[in-house]
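All values reported here derive from a predicted model rather than from experimental measurement. The chains referred to below are lettered A, B, ... by the order of the sequence lines, with proteins before strands, and numbering in each begins at 1.
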Protein chains: 2
Amino acid sequence: MAGLRERQKAKRHRAIIQAASTLFKQNGYEAARIEAIAEVAEVSVGTFYNYFEHKADLLLAIVTMEVEEVLNQGEGVVAAPPGDAYEAICALVATYYDHSLVYLTKEMWRTAMAFSIQSPDTPFSRRYRELDHQLSEQVVALMTRLQQGGQLRAGVDTRAFGELTFLGLNGLFTTYTVTEGMALEELKAGMFRQVRALTAQIGTPDAA
Amino acid sequence: MAGLRERQKAKRHRAIIQAASTLFKQNGYEAARIEAIAEVAEVSVGTFYNYFEHKADLLLAIVTMEVEEVLNQGEGVVAAPPGDAYEAICALVATYYDHSLVYLTKEMWRTAMAFSIQSPDTPFSRRYRELDHQLSEQVVALMTRLQQGGQLRAGVDTRAFGELTFLGLNGLFTTYTVTEGMALEELKAGMFRQVRALTAQIGTPDAA
DNA sequence: GAAAAAAGTTGAACCGGTTCAGTTTTGCAG
DNA sequence: CTGCAAAACTGAACCGGTTCAACTTTTTTC
């Protein structure tokens, strides 16, 4: 009894996301009209809204995929942090940043960020913030791990520093998406500088 | 030759902002339709768009007023930082936060933030980021001042730490505006904790 | 001070995301 | 199978921000 209805639903869901992804890459998010997405997905406009609450919800599906992959990769860094504190934190940051444009363009990131700020009471926003929270927790986890490994001073409040570091990397990422001309390398360099300053103060004086 | 045209223009500009402010406070930003704002300002919809490029531009006028006042107050803190590094930085943060809801509601802040992220190529966004930049520079200035006064260690990169602190206070402020139930005191407490952790590491071991 | 140019005003129309009343399809009970 | 209730689909209409061609008012020119 595989459920015809279920199968149809899953199929259409996939078709819509597929159509949207294609059109987003092709002409950008703004330029992709719901009507066009529905047409490519062979579905009516009304049906589209049966599957997604807002146009922006299409982004959520993509952002979720993106962040989950990055969290997975990040696990590796936390489990076995390379080098000293500076190296390790930069490695995690680079993991996040390097992956950021695989599924999403700057415009798509901007739209997702803007929506999650503008409409905090939507499932979209809640989920988006949940993902942010998980990333933040991963940075905290790394710092705690580094402290256990003796690469960060004993007295350091790793939660506070981890959260601050996340807010920093998040803020710089926003600047990056907002500045169309800014290259990924500039973003990384900017963040590495922050990490350098930080680890110079809270890292143990050790092998550089 | 006072210029009738000039006078009319200024008068209408004021009338529109006035009308918008009233309606925003009354029913919120979203709920205030352009048509209604225009009507209260005794102007046509078309004329509204002669004075403002987007609905959001109304917010820019208000945000600018808000931030400029806060920058002024901040100057006082930077000129004569009270107490130790922790006290001083918290004083500046509190200056920013305490003033934040004088002219704007959380909804209005959210809309302004979202717009500046979503449409980075508009004058709105450029101006908004400029204001952010000035705030960031003020935090850097305070840190540099504290270092000169011997309240921060000599080796500390005050620019990096100042910018990181700004990104932190900015990020927490976003969380605050996005969480309708969050009180100002919670926001301040959250930021003070970050500052505590920071100054514990980069401050000089001195009179507490 | 008449006429032309420039600047400003107007509201109906546009646009695209979202809604909803009516229709079709599916699953299930008898 | 048949009939019926529930679920899903549909596209025309809605809504509100934005545009624009026609119109008015002010300023400038001679």
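Within residues 19-27 of chain A, no residue has a heavy atom under 4.0 Å from DNA chain C. Applying a 4.0 Å cut-off to non-hydrogen atoms, none of the residues of residues 119-128 of chain A approaches DNA chain D. The stretch residues 28-39 of chain A touches DNA chain C through A32(A), R33(A), I34(A), each having a heavy atom within less than 4.0 Å of the strand.
Counting non-hydrogen atoms of neighbouring residues, nucleotides and ligands closer than 6.0 angstrom, the CD atom of E30(A) reaches no more than 12 such neighbours.
With salt bridges taken as basic N to acidic carboxylate O contacts below 4.0 Å, none links E130(B) and R126(B).
For H54(A) and dT18(C), the shortest distance from a side-chain N or O to OP1 or OP2 is below 4.0 Å. The side chain of Y49(A) places an N or O atom within less than 4.0 Å of a non-bridging phosphate oxygen (OP1 or OP2) of dT18(C).
In this structure, CZ of R7(A) is placed 16 Å from C1' of dA7(D), rounded to the nearest angstrom. Between the CD atom of Q118(B) and the P atom of dG17(D) there is a distance of 16 Å, rounded to whole Å.
Sorted by first and then second residue, the side-chain hydrogen bond (donor to acceptor under 3.5 Å, both in side chains) pairs with a member in residues 174-185 of chain A read R110(A)-E180(A); sequence neighbours excluded. The list of salt bridge (charged side-chain N to carboxylate O under 4.0 Å, His left out) pairs with a residue in residues 36-61 of chain B, not counting sequence neighbours, is empty.
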Give each protein N/O atom lying under 3.5 Å from an N/O atom of nucleotides 8-11 of chain D, with the pair distance.
residue : atom : partner : partner atom : Å
dA8(D)  : OP1  : K9(A)   : NZ           : 2.9
dC9(D)  : OP1  : R12(A)  : NH1          : 2.4
dC9(D)  : OP1  : Y51(A)  : OH           : 3.2
dT10(D) : OP2  : S44(A)  : N            : 3.0
dT10(D) : OP2  : S44(A)  : OG           : 3.3
dT10(D) : OP2  : T47(A)  : OG1          : 2.9
dT10(D) : O5'  : S44(A)  : OG           : 3.4
dG11(D) : N7   : G46(A)  : N            : 3.4
dG11(D) : O6   : G46(A)  : N            : 3.4

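A cation-pi contact links R196(B) to Y86(B), judged by a cut-off of 6.0 Å to the six-membered ring centre and 45° from its axis.
F115(A) and H54(A) have their aromatic ring centers within a separation under 6.0 angstrom.
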